[in-house]
Number of protein chains: 2
Amino acid sequence: MTPATLSAAAAAEAIRDGVLSAEDLVRACLERVREVEPGVQAWQFLDAEHALAQARAADDLRRSGRAVGALCGIPVGIKDIVDTADMPTENGTVLHAGRMPQSDASVVCRLRAAGAVIMGKTVTTECAYFSPGKTRNPHDLNRTPGGSSSGSAAAVAASMVPVALGTQTNGSVIRPAAFCGVYGFKPSHGLIGRSGILRLSRTLDQVGIFARTLEDLALVAEELVGLDLADPDTQPLARVPFGEILAAEAPLPPVIAFVKTPAWDRAEPQTREAFAELVGALGAHVEEVELAPSASETWDWHRTIMEAEMAMNLEPAWRSGRDRLSEKLRALIERGRQVSAVDYQHAVARIAAVREGFEELFVQRYDAILTPSAPGPAPEGLESTGDPVFCTPWTLAGLPALNLPILTTESGLPLGVQLVGRRHFDARLLRTARWLGQAVSA
Amino acid sequence: MTPATLSAAAAAEAIRDGVLSAEDLVRACLERVREVEPGVQAWQFLDAEHALAQARAADDLRRSGRAVGALCGIPVGIKDIVDTADMPTENGTVLHAGRMPQSDASVVCRLRAAGAVIMGKTVTTECAYFSPGKTRNPHDLNRTPGGSSSGSAAAVAASMVPVALGTQTNGSVIRPAAFCGVYGFKPSHGLIGRSGILRLSRTLDQVGIFARTLEDLALVAEELVGLDLADPDTQPLARVPFGEILAAEAPLPPVIAFVKTPAWDRAEPQTREAFAELVGALGAHVEEVELAPSASETWDWHRTIMEAEMAMNLEPAWRSGRDRLSEKLRALIERGRQVSAVDYQHAVARIAAVREGFEELFVQRYDAILTPSAPGPAPEGLESTGDPVFCTPWTLAGLPALNLPILTTESGLPLGVQLVGRRHFDARLLRTARWLGQAVSA
């Protein structure tokens, strides 16, 4: 068995124990890249020698007997809207071709501090919006991997790295994780700092993690959450013991709210069938819950905020090179420029009420919300990255969300299950997800 | 001597010592009201019996031997955009005539908890914007008292109450304090909670205090600052010992930056002369400092934010009764409705840079900024409340600002001196003001 398929947790343990070297792990991952990258095309930038040099430095540190971080020697893929001081960061647009950041994003600093090998930069859609990059779905090269964190999801799914970072402003972590059949975790808004990441929307942008096990999500999350001095939405936090909480038994078996959302008419037949079966199998642990009628406006508020904030944040690109932006992105920015300050403020002001509504649901009875990650499996074709509609409400409210790769279609494509947790109870969401995974396999 | 002219600190001490009853103090203040209110017209609502009942309750509490608050028996005037559960709050507009709030604003709760007598509601301009109320300047009934906290400043100046509350979104505390010749203190943005106060602009609205001594400002500020659960811009704070810091000697004599601001061409000749003399008298303690050229845009950013946020927050009034709003306010709201979300966000985003610019000034060398409170003394006539131009930059940046009533014109009108402090160093600003007052009288 190649070490490339190891989980990050298993690999990190083997490295700490001296059973595996970081160099061998990275070599194995690079070997996987050579095999599958011509088809999958997950990487925007990957310098094998630079990755190996980082791995050897990790090995040297370990051999020196000094303390090593929890991710010592673990290769991580980084979405190419996240700044790296030693690699270009092109934000998926020709306008930023060859752009070399001055410094690392705060999340990259944290990964390096934990000993990780920054493997390379993964393909993103144009400015993390809808226009696809080159990446294909590892399960079927004729299908989209989802977006905008396309390369990160595909690289993890194809075992080119055990973990990767992405970001979500609408459905850009959960959707590609669902389409590629890996775990995707987007913690609560403000939990992970965003300085050094292309800003689309301060209100909506959130960092996420891709991995092939829940333990790996916990391992990486533990390193990433906390204060980022340059991100005013983060706060000083005691270290959150994600791994410990994930491994603990819940005091009571969870009760889960199955929420179809007002977007249910967009769910494909195979999704409806799979969820009916899943909900049936979970029996008394799941209750169907309908959101308040006002929930149907959630998508409008999200769109107003996203368009207005992206128009503001991408204004420099629009001013200097709008003719080299895709038609879709240009149209979005132009719509955003038409939004009035009054409508924008109204939309932002609604977030508090939306949060309160969900908070009630969690406080009263439910441990998590169960809902599809996407209308169906990855659509055919590479022109679109699929529909984020089932991600919008929780992204707007900044709730922690998770894709669980526990269902497949009859033809063997991954079908995402999304679990949404109470705001700031992120580790508990992982624990509930572990319970759900075990319940489904039992 | 009537107890009405006592400072709040002296009166509170006399009440605690049993030398003065709260009832006698309030009676004396009501006597002043009978004398001067027909001319000054500072009160929107004042029920003498209700004030006396509160005073008697304070006396009963004191006589019971139980602990009493720092403001036990002290009458306070409350600007009529601040909700009171036992008195109407009409926000200066006929649209809210007779409006009875469900509950007290958080600042009123805090005053009551400290034992204060809520004397009555003071006149505000229409929705705390520019259209004047009925109040006249106690120093000259043919002049404006300034706005929008017109009644609060005038009531304190005329010794109808020792202290009063106001609010400032541009220059609505500092300007009336200057025109009426009293101390006015607007602490840092976020220091005093605003729930239950008519919201014009979350970004700009700030609560302020009027008094006839610096000690009284400290006494009241100590009761008002801290967390307001319903105001997301406040934070949990240890009690700030305003009085103690005010009374302490500075470790070094202060160095003050005299800032003319890009609005200096609007300063009247008597202001220019008075400041030249003041700066000359302070010698080496004052240095003239020029703001960065970008400071001249401060007024534009402030206007964009104020118009956009007022248009959003006053939308219900505008929708239901725009024909009963003044032309000025209607025009403001209509301008605000034209502001784009992109321009609004740009303006809000500039606040951080403006703050940083001022922060540098304070960290490098200066204890405070010295600048006029207004272009000149209170203008003649009652059609306008005067020009807030010298207040705008510090309001935008949320810095603590203070009016010192230490200068007068040749004809005896108050001429305001404004001292601006470092953000979140509010008590130290009071200490510097004490030093300045002593230096000027020496």
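Just so it is clear: chains get the letters A, B, ... in the order the sequence lines come, proteins before strands, and each one is counted from 1.
Between chain B and the options A:Gly336, A:Ala308, A:Ala349, the largest number of non-hydrogen pairs under 4.5 Å is found for A:Ala308.
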Find the N and O donor-acceptor pairs between chain B and chain A that sit under 3.5 Å apart.
from     : atom 1 : to       : atom 2 : distance (Å)
B:Ala308 : O      : A:Gln345 : NE2    : 2.9
B:Glu315 : OE1    : A:His346 : NE2    : 2.6
B:Val339 : O      : A:Ala341 : N      : 2.9
B:Ala341 : N      : A:Val339 : O      : 2.9
B:Gln345 : NE2    : A:Ala308 : O      : 2.9
B:His346 : NE2    : A:Glu315 : OE1    : 2.5

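In this structure, chain A has no heavy atom under 4.5 Å from any part of B:Ala352.
In terms of heavy atoms, A:Ala311 sits closest to B:Val342 at CB-CG2, 3.7 Å.
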